[in-house]
Amino acid sequence: MTRPLVASIDIAAMQHNLSVVRSTVPRAKIWAVVKANAYGHGLERSVRAFTDADGFALIEIESAIHLREIGWKKPILLLEGFFYPHELPILARYSIAFAVHCDEQIDMLEKARLEMPVDVHLKMNTGMNRLGFLPSEYGKALERLKKIPYVRDISYMTHFANSEAEDHPALSVAEQLRRFDSATQGLKGDRNLSNSGAILLHPGIRTDWVRPGIMLYGGTPGGKTAEQYGLKPAMTLKSEIIQTQHIGEGEAIGYGSIFTAKNPMTIGVVACGYADGYPRMAPEGTPVIVNGIKTRLVGRVSMDMITVDLTPVPDAHVGSEVTLWGKGLPIDEVAEAAGTVGYELMCALSLRPRIVECW
Ligand SMILES: *Cc1c(COP(=O)(O)O)cnc(C)c1O
């Protein structure tokens, strides 16, 4: 016997989503972004799904090494670079490329005296003001890198703040591109620019490499829905009703008694809570599917359970199938109701749900 909560990961959907990237930006090479355990989908599973990618990009050096150990021979890129000098010989040995975003990293690189070459992606801050050198500092950083004998290939990288918008009043893709282009004009080397939003909404951007994350997993970065972009959900989280409760008018449900029945009603208790990764902040009305029928969350999300309104599903009973998100209920819809994004729900899937694979 096992708890009925299951996250099924659809490898074929992931392959399909990668093919959407290919057909959207056919001339670009693809870094499949597999940070955070492939957005909760499992690193090794993603390697099988994304064998056609041109490289893997991620944040965690341990996972990057693991990719090499399981036989991935194509490029690997650390998007947040390295943090400490002791990482550098490891990155060189495993041929893991990395972003360089600040002078302190270049100081460490200069001192490292590496015996093997490294490839770096010099990151420009084109207005997001998170990581990277300002356009005015970029040339100097590049000159420093070029003088380091064991720095081999240098690529040029930036990250868009609002790529899921056609235009943005505070900082548009066009403005970030303008800054990037004017500071990299004439430089030899690969350009590494677009995330999912830029691939989907700005496919004409000239770039050698793209960096899709969320779209590979069937979520949308914003703009249209994932389905409208032709993406298929890779993660479906399902559970079952484990008890029903018939409650009278004025009766409250769960912790804090935040929901009170206006009429007599039937409540379904579902085996899934915030310890599984279901967002505790999800409010009353957050969509849930029971037996194929859309209904709503009522009462507070607890650690191991949620409670749902069974009024639209009168024949639901213990054992009835419940979809929390995925096929039949876009993760973005649940995320929006909970005041967050599909990214967070995927990444927050905990170790507790059973994981199965499907094709
Ligand atoms: C996470 C990340 C991406 C992927 O972004 P999506 O919106 O998931 O496509 C791309 N580039 C960098 C630098 C990232 O950190």
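Ligands are counted one by one from 1 in listed order, and the atoms in each one are counted from 1 as well.
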Should [X] and [Y] count as an ion pair when the cut-off is N to O under 4.0 Å?
X    : Y    : result
R144 : D103 : yes
D190 : K29  : yes
D276 : R354 : no
E175 : R178 : yes

Using distance alone, determine whether [X] and ligand 1 share an N or O pair under 3.5 Å.
X    : value
I214 : yes
V33  : no
Y343 : yes

Ligand 1 atoms in contact with H159 (distance to a heavy atom under 4.0 Å):
10 (C), 11 (N), 12 (C), 13 (C), 14 (C)

Ligand 1 atoms nearer than 4.0 angstrom to some heavy atom of N195 are 5 (O), 9 (O), 10 (C)

Shared hydrophobic cluster, I289 / V298 (ILVMFWY, side-chain heavy atoms < 4.5 Å):
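As far as the 4.5 Å side-chain criterion goes, V298 and I289 are not connected within one cluster.
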
Suppose we call two aromatic rings close when their centres sit under 6.0 Å apart. Are W72 and F56 close by that rule?
yes

If you take the nearest heavy atom of each of R211, K123, K35, which one is closest to atom 14 (C) of ligand 1?
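It is K35 whose heavy atom sits nearest to atom 14 (C) of ligand 1.
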
Taking only non-hydrogen atoms of Y39, do any sit less than 4.0 angstrom from ligand 1?
yes

Atom 9 (O) of ligand 1: the protein heavy-atom neighbour that sits closest, reported with distance to 0.1 Å
S196 OG, 2.5 Å

Between R130 and N125, a side-chain donor and acceptor under 3.5 Å:
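No.
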
Side chain, backbone, both or neither: which part of P221 comes within less than 4.0 Å of ligand 1 when only heavy atoms are counted?
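Neither part.
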
